[in-house]
Amino acid sequence: MLAIPTNCVRLANSENKAANISMKLGFFRPLICLLAVSLAVPLNRFSSASQPDVLLTSMQRELQRATAALAKANPAPYYISYTAADINATVIVGISGSVAVSSNIQRRQADVIMRVGSSALDNTHSKSRASGIMSSTLPLSDNPDAISRVLWQLTDREYEQASAAFLKVKTNTAVQSEEEDKSPDFSQESPETHVNDVQPKVSMDQKAWENRIRKISGTFLKYPEIYSSVVYLQASATRSYLATSDGTALVHPSEMSRLVIQGETRAEDGMDLLRVETFQAATPGQLPSDAELRAKVDRIAADLKALRTAPAAEPYAGPALLSGRASAVFFHEVLGHRLEGHRQKDQSEGQTFTKKVNQKVLPEFLSVTDDPTLKALNGTELAGTYDFDDEGVPAERVEAVENGVLKNFLMSRMPITNFSHSNGHGRRQPGLMPTGRQGNLIVTSTKSVSDSELRAKFVEEIKKQGKPYGLYFEDIQGGFTLTQRALPQAFQVIPVMVWRVYPDGRPDELVRGVDIVGTPLLSLNNIILTGDKLQVFNGICGAESGQVPVSAAAPAMLFSEIEVQKKNKGTDRPPLMPPPGADQGSAPLTEGAAVKARSKVGSQEGMKAKP
C-alpha cells in the first residue's frame with residue numbers, strides 16, 4: 001500500500017499476511033578533528049552489563065574501527081549507528097482441527113545507518129532517505145570474527161551508497177527551488193546508555209499449544225457457513241541492540257505473544273466477509289483460556305452467519321455513532337498520521353496541520369496524547385509501548401492536541417520548523433529508516449455521557465436531521481489514509497459490524513458492505529458528543545518506516561455526519577457443495593444459536609441488535 005503512498009493500521013490483514021506466509025512455507029562537513037572526537041567513544045562508555053555481551057562488544061569494536069577509518073574519507077560520515085535484532089520465535093498455525101505449521105525461528109539482523117555530510121545537510125535529505133541504511137543477516141553464533149566481518153562489509157557498502165547519495169543531494173539542492181522548511185536533517189540528542197542483562201526466551205510447551213490450537217481451530221468445523229478459518233499463534237522473544245557514534249548504547253529484551261482467530265465466508269452476491277479476533281500478551285501463558293477462545297470462535301461464527309444474510313448497505317451521509325474501537329482507528333488514520341513530524345517537512349505531503357500549531361483543529365472538548373510509556377489501559381495491554389525509540393531517544397508522552405488546540409507533533413530526530421528535537425517517536429521495522437510514528441494514541445473527552453445517554457442523543461440527532469436511520473459502527477477491521485498532496489487528502493476506515501438504528505424504535509438492523517470515507521478537516525469537526533469509556537484497538541501500522549505495533553484508544557463518538565461508500569466485492573459464488581461432513585449430520589448454525597452465541601460473549605456497549 002505504500003506504493004500509492006498510504007499509511008494504514010490493520011488488525012486483521014497484517015497478521016493474516018504473516019499467517020499466510022507461514023502456511024505457504026513455503027539514511028558544511030565538520031572539521032576532521034571534531035569528527036574524530038565525537039566518534040571515538042571508549043568501550044567502557046557502552047557497557048553496564050555484569051557479563052560481556054559478545055554481540056554488543058563486537059558491534060562496539062567494529063563501530064570504533066570503522067568510524068576512525070572513515071573519518072579520513074571525503075566526504076566523511078558524521079554519524080554511524082549499528083543495530084541488531086536477535087529474534088527467537090515460535091509459530092503455530094491451525095486449520096480445521098489440524099496443525100498446518102509448527103516451527104521455531106531464530107534470526108539475527110543487522111542494520112548499518114550512516115549519515116554523510118553534516119547535520120545541516122546529509123545524504124538522507126528529502127527523497128534520499130533510503131540511502132542511509134544497509135542491512136544483512138548476522139551469524140547466529142556468538143563468533144566475534146564472523147559478526148565483525150558482516151558489519152565491516154555492511155559499513156563499506158553503506159559508505160559507498162551514502163557518499164554517492166550525498167553528492168546528488170548537494171547537486172539537487174543547488175539547482176532546485178528553495179525549500180520552505182530549512183531545518184537540519186538530523187537533531188543532536190543526549191546519548192543514552194542502558195544495557196539490560198535479561199535474555200528473553202519463548203517460554204511455552206509447544207506440543208501442548210499444538211493440541212490447544214488444534215482444538216480451537218476444530219471448533220469452526222461445527223459451522224458449515226465458515227468456508228475458511230485459521231488460528232495463528234506467534235510467540236517471540238527479541239533482544240535488540242543499538243550502538244551509535246554519538247555515544248548511545250542500548251540493549252533491551254522484549255517478549256510478545258499474539259494469537260489471531262479468523263473466520264471467513266461469502267454472501268450469495270459474492271461479497272467476502274471476514275471476522276477476526278486478536279489477543280496479545282507478553283507470554284503465551286497470559287493469553288486467554290481455551291474456553292474463552294472457543295467462545296470467540298462461536299462469536300465469529302455467529303457474526304458471519306448474520307452477515308451472510310444481512311442486506312447490503314447503500315451509500316449514506318448522516319448521523320453516525322462509532323464504538324470506542326472504531327473511533328480509535330478513525331483517529332489513528334485521520335489525525336494520527338498527519339501529526340507525524342516528517343510529514344510537516346516533506347514537500348510532497350499534504351501538510352494538513354503543519355501551520356495550524358496553536359490553532360483549533362478539533363472540538364474543544366477533545367484532547368489527544370501519544371504515550372509510548374503507558375503499558376496498559378483499563379486492563380488492556382498496549383501494543384505501542386516502548387522505553388526507547390529506534391533512534392535511541394527515551395519515549396515521551398506527547399500532548400499533541402489540548403482542548404482542541406494543536407500543540408505538538410510526533411518527532412523523530414528529523415527536525416522541522418519550531419520543533420528541533422525528538423520526543424522519542426522515531427520508529428521503524430528492521431531494514432528501514434526511522435521516521436516519526438505513533439505509539440499509543442489516546443483520545444480523551446470532557447463532554448461525555450453514559451452509553452444509554454449517548455444512544456438517546458444519537459436517536460435524537462437522527463430525528464433532528466429527518467433521516468430514516470443512522471449508522472452504528474460496532475467493530476472495525478482497520479483502515480488507511482492518503483497524506484500526499486498529489487492524491488486526495490482522504491481516508492478510509494473499514495468496519496465489519498454495522499447497524500442501522502431506526503428513530504422509531506424498530507430493532508437495530510445489521511448491514512454489510514460499507515466503508516467509512518471522508519476528508520480530515522471536515523470529519524474531525526463533526527464530533528458532537530462522546531461516551532465515557534475508553535476502548536483499545538491494538539494493531540500493526542504500516543507506513544514509510546515499515547510495520548510497527550501500535551495502540552489507539554478512544555471513547556465512543558457521536559458524529560453529526562459520516563459518509564460511507566459501498567465496499568468492493570467479488571463475483572464468485574459461494575461453494576456449490578457443502579463442506580465435508582455438513583451433509584452427514586452436522587447442522588448449520590441456526591438463527592437462535594447465533595443470537596445465543598452473541599449474547600454470551602457480547603460487548604457491554606449496549607448497542608447490539610435487539611432479538
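- For the pair Leu259/Tyr232, no side-chain contact is recorded, criterion being any heavy-atom separation below 4.5 Å from C-beta on.
- Remark: the backbone N or O of Ala376 is not paired with any side-chain donor or acceptor of Thr380 at under 3.5 angstrom.
- The closest donor-acceptor contact from the side chain of Asn538 to the backbone of Ala383 lies under 3.5 Å.
- Between the side chain of Thr481 and the main chain of Ala490, a donor-acceptor pair closer than 3.5 Å is present.
- Residues satisfying the ring pair (Phe, Tyr, Trp, His ring centres under 6.0 Å) criterion with Phe491, sequence neighbours excluded, are Phe330.
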Evaluation steps, side chain to side chain contact (heavy atoms under 4.5 Å, CB included), between Val368 and Leu335: CA-CA 9 Å; Val368 181; Leu335 181 70; 3.8 Å; yes
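- Every residue meeting the side-chain contact (heavy atoms from CB on, under 4.5 Å) condition with Met204, not counting sequence neighbours, appears here in chain and number order: Thr90, Ile92, Val202, Trp209, Leu233, Ala235, Pro284.
- In this structure, a donor-acceptor pair under 3.5 Å is absent between the side chains of Thr369 and Asp371.
- Side-chain atoms of Lys222 and Asp298, non-hydrogen and from C-beta on, do get closer than 4.5 Å to each other.
- Using a distance-only test at 3.5 Å, with no hydrogens or angles considered, no donor-acceptor pair links the side chain of Glu561 to the main chain of Asn526.
- Between the side chains of Gln206 and Ser102, at least one donor N or O lies within less than 3.5 Å of an accepting N or O.
- For the side-chain contact (heavy atoms from CB on, under 4.5 Å) test with Leu321, the passing option among Phe458, Phe559, Trp499 is Phe458; the others fail.
- At a cut-off of 3.5 Å, with distance as the only test, a side-chain donor of Thr83 or Arg428 sits close to an acceptor on the other residue.
- Within 6.0 Å of the CG atom in Asn568, the count of heavy atoms belonging to other residues, nucleotides or ligands does not exceed 12.
- Checking each of Arg427, Arg437, Arg343 against Glu544 for a salt bridge (Lys or Arg N to Asp or Glu O under 4.0 Å) leaves exactly one that passes, namely Arg343.
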Verdict with reasoning, Asp205 to Lys207, per side chain to side chain contact (heavy atoms under 4.5 Å, CB included): CA-CA 6 Å; Asp205 184 330; Lys207 289 297 181 182; 3.8 Å; yes
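- With sequence neighbours left out, the side-chain contact (heavy atoms from CB on, under 4.5 Å) criterion links Ala320 to Leu322, Phe473, Ile562.
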Trace of the side chain to side chain contact (heavy atoms under 4.5 Å, CB included) decision for Ser217 with Ile95: CA-CA 6 Å; Ser217 67; Ile95 302 174; 5.9 Å; no
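- The shortest distance between side-chain heavy atoms of Asp370 and His425 falls below 4.5 Å.
- Between Leu410 and Gln438, the closest side-chain pair of non-hydrogen atoms falls below 4.5 Å.
- At distances below 3.5 Å, at least one donor-acceptor pair connects side-chain atoms of Thr385 with backbone N or O atoms of Leu374.
- With respect to the salt-bridge test (charged N to carboxylate O, under 4.0 angstrom), the residues Arg107 and Asp86 do not qualify.
- Looking at Asp515 and Lys567, a side-chain N of the basic residue comes within less than 4.0 Å of a carboxylate O on the acidic one, giving a salt bridge.
- The ring pair (Phe, Tyr, Trp, His ring centres under 6.0 Å) analysis of residues 281-317, with sequence neighbours excluded, yields the pairs Tyr316-Tyr469.
- For the side-chain contact (heavy atoms from CB on, under 4.5 Å) with Arg275, the qualifying choice from Gln477, Gln262, Arg299, Glu264 is Arg299, the only one to do so.
- Between Leu454 and Ala556 the shortest heavy-atom distance is CD2-CB, 3.7 Å.
- A donor-acceptor pair is defined here as one N or O able to donate and one able to accept, closer than 3.5 Å; no such pair exists between the side chain of Gln492 and the backbone of Val517.
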Please table the atom pairs, donor to acceptor, closer than 3.5 Å between any side-chain atom in residues 266-273 and protein atoms at least two apart or in another chain.
from	atom 1	to	atom 2	distance (Å)
Arg266	NE	Asp272	OD1	2.7
Arg266	NH1	Arg573	O	2.9
Arg266	NH2	Asp272	OD1	3.3
Asp269	OD1	Met271	N	3.1
Asp269	OD1	Arg512	NH1	3.3
Asp269	OD2	Arg512	NH1	3.1
Asp269	OD2	Arg512	NH2	3.1

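- From Arg308, atom CZ reaches atom CG of Leu510 across 13.5 Å, with rounding to the nearest 0.5 Å.
- In this structure, Lys375 does not pair ionically with Glu381, as no charged nitrogen and carboxylate oxygen lie closer than 4.0 Å.
- Asp475 places no side-chain N or O within donor-acceptor distance of the main-chain N or O of Val496, the cut-off being under 3.5 Å.
- Between the side chain of Thr219 and the main chain of Ile216, a donor-acceptor pair closer than 3.5 Å is present.
- Neither side chain, Arg325 nor Gln535, offers a donor N or O lying under 3.5 Å from an acceptor on the other.
- Between Pro468 and Tyr502, the shortest heavy-atom distance links the atoms O-CD2, 3.5 Å.
- Using modelled atom types, one side-chain atom of Thr265 and one backbone atom of Glu225 make a donor-acceptor pair closer than 3.5 Å.
- Every pair tested for ring pair (Phe, Tyr, Trp, His ring centres under 6.0 Å) that includes a residue from residues 276-303 fails, sequence neighbours excluded, so the list is empty.
- The shortest distance between side-chain heavy atoms of Ile462 and Pro319 falls below 4.5 Å.
- We find the CD1-CG distance between Ile213 and Asp290 to be 8.5 Å, quoted to the nearest 0.5 Å.
- A donor-acceptor pair under 3.5 Å is absent between the side-chain atoms of Asn88 and the main chain of Gln106, judged by distance alone.
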